[in-house]
**Q** 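A single structure is presented below for examination.
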There are 2 protein chains.
Amino acid sequence: MRYFVAVAEELHFGRAAQRLGMAQPPLSRAISRLERRLGAKLLDRTSRAVALTEAGSVLLREARAALDAVEAAEQRTRRAALAATGRPGVVLATKAGSSGELLAKLLDTYAAEPDAVAVDLLLCGVGEQERMLRDGRADVALLHLPFDSTAGFDTEELQTESQVVVVPSGHGLTARDQVRMADISELAGLPVARWRHRDGTYPDGPGPEVRDQAQLYQLVALGRACCVVPESVRTQLREDLTAVPVLDAPPVTTVIAWPPHSRSGAVAGLVRAATRLCPS
Amino acid sequence: MRYFVAVAEELHFGRAAQRLGMAQPPLSRAISRLERRLGAKLLDRTSRAVALTEAGSVLLREARAALDAVEAAEQRTRRAALAATGRPGVVLATKAGSSGELLAKLLDTYAAEPDAVAVDLLLCGVGEQERMLRDGRADVALLHLPFDSTAGFDTEELQTESQVVVVPSGHGLTARDQVRMADISELAGLPVARWRHRDGTYPDGPGPEVRDQAQLYQLVALGRACCVVPESVRTQLREDLTAVPVLDAPPVTTVIAWPPHSRSGAVAGLVRAATRLCPS
DNA sequence: GGCAGCGATACCGCAGGGGTATCGATCCCG
DNA sequence: CGGGATCGATACCCCTGCGGTATCGCTGCC
């Protein structure tokens with residue numbers, strides 16, 4: 001299945017084989033074996049191009065989930081063994097620089113519980129928390145709707161906030177105390193930066209492409225772009241940047257999420273602390 | 001992992017090996033290999049008994065999920081291939097004899113959609129739908145809260161109904177037009193039948209053990225037991241049985257559930273039909 | 001103390017997965 | 001329109017790793 005995912009993503013046997021650290025012929029054979037075993041044609045291949053069939057794209061999705069589940073089983077078992085012998089701990093994945101205040105309060109509240117264990121923070125890039133939770137590198141995560149997908153997780157809503165547009169401090173837009181989405185590009189005279197997707201591609205648009213927050217704020221400070229972010233990051237803005245509320249930006253909801261069959265008391269404790277902090 | 005799950009369930013290498021159709025020594029070695037690979041002790045074994053460690057029980061849970069995911073990937077791919085070449089179809093798992101009317105209306109409503117495909121019904125025993133959905137034998141299922149677990153699925157609530165107690169038609173209880181849970185055993189003079197759990201064990205209690213509905217209703221008709229069931233089964237009761245509403249029984253909610261990353265248009269259509277039928 | 005039950009170890013055989021060399025088809029370019 | 005380049009499939013070989021049989025060693029129990 002790992003082999004198939006690699007081929008399906010590359011759509012090229014040679015490159016997939018390279019990525020898997022093996023030669024191309026055994027990979028070809030492995031895929032045909034898989035096709036025979038499943039009784040399904042997974043790839044349409046001519047000697048020039050490879051394309052996914054309907055069944056192939058189903059398998060791509062399902063196989064990713066299955067591989068994540070296997071990976072998660074290994075990771076969680078390893079951590080359970082560590083926790084049993086050494087110091088117990090729970091891994092919380094969160095987006096670096098988001099919901100800072102909420103996170104601090106959450107950690108404080110949880111630490112005050114009688115049976116609290118150490119919380120290891122896993123600071124992730126944009127949208128990485130989801131993967132961390134799916135493949136077992138994290139036990140629990142703070143996700144941000146509507147950006148992250150909570151499909152397949154148990155969740156609890158924590159807070160909802162509106163968004164602000166960030167521009168250089170001297171910028172004319174800072175005179176206004178609110179704007180609308182439609183007005184931003186024209187009023188600011190700045191394109192909205194484009195975040196990199198998880199697969200390495202970028203959305204279409206005029207703005208510059210950014211990979212992380214350092215890049216983003218640098219570009220904004222240089223007057224090359226602006227960005228729309230949740231209100232709570234205002235408290236951590238650089239001095240040379242200013243935020244203006246956006247009236248009609250989609251509200252951002254922070255949720256705490258965990259794998260549905262999690263039996264860990266530590267995860268339950270964190271969730272309890274979080275809901276006590278943010279009674280819905 | 002299949003090996004480990006077998007051993008963890010049997011807690012006996014010999015029986016597990018037999019179940020897996022292999023000899024005991026290679027199984028022993030496979031488990032120690034797994035322990036070395038994960039760097040975790042999974043089983044405490046003396047020459048007389050085998051017990052799960054903390055890490056072992058984590059792996060048992062995770063490995064079951066992972067194996068289900070792999071199985072689901074294979075099943076769904078096979079069905080996708082069939083659907084592409086032959087007649088497309090979607091598999092709906094439902095508990096035999098439950099929500100009969102709702103099911104009929106759902107099928108009718110969906111069939112009226114322009115792009116409806118064939119719906120294959122998978123009639124399951126008590127609580128089996130969940131497994132069918134998890135391991136890919138079904139694409140979508142009707143589940144009944146609070147009996148089934150929807151953990152890890154996307155769901156949509158369809159209807160909530162109260163429960164009734166079923167007794168033989170001539171029984172004295174039928175004179176009353178309602179009862180309370182606490183009164184049932186004493187008023188009816190009948191113990192409540194005990195359903196078999198998925199793992200083959202039975203809950204504690206005085207009532208007889210039953211495995212399916214034929215058994216159950218036979219026992220009730222013979223005056224050996226009674227049972228509490230959702231109101232909607234009243235329409236399908238045998239003539240020799242009568243139902244009396246139970247005031248304080250937990251309400252039963254029927255939900256339609258599907259795997260969270262399902263991209264199938266047929267599943268979406270069924271869900272749409274269901275929600276149109278039962279606007280929440 | 002002997003025996004029965006059970007998991008671990010030792011040793012063997014083979015199937016299956018991976019490697020190299022090469023083929024055959026398709027597209028591109030002059 | 002033909003030759004080379006690209007890419008997946010096939011042929012053949014090797015070796016690792018998994019499973020089987022035989023046996024050991026430990027532990028309770030009668």
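The figures here come from the full heavy-atom set of this structure, side chains too, leaving out hydrogens, waters and symmetry mates. The model shown is predicted, which means the values in this text are computed figures rather than measured ones. Within every chain, numbering begins at 1; the chains are lettered A, B, ... in the order of the sequence lines, protein sequences first and strands thereafter.
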**Q** OP1, OP2 of dG8(D) versus side-chain N and O of Ser28(A): anything below 4.0 Å?
**A** no
**Q** Rounded to whole Å, how long is the line connecting atom CG of Leu43(A) with atom P of dC7(D)?
**A** 16 Å
**Q** Which atoms form the tightest heavy-atom contact between Ala16(B) and Leu27(B), and what is the distance?
**A** CB-CD2, 3.8 Å
**Q** Distance check needed: dA9(D) P versus Arg36(A) CZ, whole Å only.
**A**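 My rounded result for the distance is 12 Å.
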**Q** Starting at NE2 of His12(B) and ending at C1' of dG7(C), how long is that distance when rounded to a whole Å?
**A** 9 Å
**Q** In whole angstrom, give the distance that lies between atom CZ of Arg15(A) and atom P of dC7(D).
**A** 7 Å
**Q** Where the side chain of Tyr3(A) is defined as all heavy atoms beyond and including C-beta, which of dA9(D), dG18(C), dA10(C) is the nearest nucleotide?
**A** dG18(C)
**Q** Charged N to carboxylate O below 4.0 Å: is that the case for Lys41(B) and Glu35(B)?
**A**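 Here Lys41(B) does not pair with Glu35(B) in a salt bridge, since their nearest N and O are not under 4.0 Å apart.
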**Q** Please report, rounded to the nearest Å, how far the P atom of dC7(D) is from the CG atom of Leu27(A).
**A**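 So the CG-P distance, Leu27(A) to dC7(D), works out to 14 Å.
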**Q** Report, as yes or no, whether the 6.0 Å neighbourhood of atom CZ on Arg224(B) holds more than 12 heavy atoms from other residues, nucleotides or ligands.
**A** no
**Q** Checking all strands, does Arg48(A) fall into the base, sugar-phosphate, or nothing category for heavy-atom contacts under 4.0 angstrom?
**A**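 Base: the residue Arg48(A), judged by heavy atoms under 4.0 Å, touches a nucleobase.
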**Q** To the nearest angstrom, how far is Met22(B) atom CE from dG17(D) atom P?
**A**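 Going from Met22(B) (CE) to dG17(D) (P), I get 17 Å.
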**Q** How many whole angstroms separate atom CZ of Arg45(A) from atom C1' of dA9(D)?
**A**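 The distance from CZ of Arg45(A) to C1' of dA9(D) comes to 9 Å, rounded to the nearest Å.
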**Q** dC18(D), OP1 or OP2 - any side-chain N/O from Arg29(B) closer than 4.0 Å?
**A** no
**Q** Any idea which of dG20(D), dG8(D), dT9(C) is nearest the Pro25(B) side chain?
**A**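 From the listed options, dT9(C) comes nearest.
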**Q** Start at the 5' end of DNA chain C and walk down; is the nucleotide closest to Thr46(A) or to Gly21(A) reached first?
**A**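 It is Gly21(A), whose closest nucleotide lies nearer the 5' terminus.
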**Q** Using 4.0 Å as the upper bound for N to carboxylate O, is an ion pair formed by Asp148(B) and Lys95(B)?
**A** no
**Q** Could you state the atom-to-atom distance from CZ of Arg37(B) to P of dG17(D) in whole Å?
**A**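 It works out to 13 Å between those atoms.
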**Q** Output the single nucleotide from dG19(C), dG19(D), dA9(D) whose closest atom is nearest the side chain of Phe13(A).
**A**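 That would be dA9(D).
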**Q** Looking at Glu71(A) and Arg134(A), is any side-chain nitrogen of the basic one under 4.0 Å from a carboxylate oxygen of the acidic one?
**A** no
**Q** So Arg33(A), base contact, sugar-phosphate only, or nothing? Heavy-atom distance under 4.0 Å.
**A** sugar-phosphate
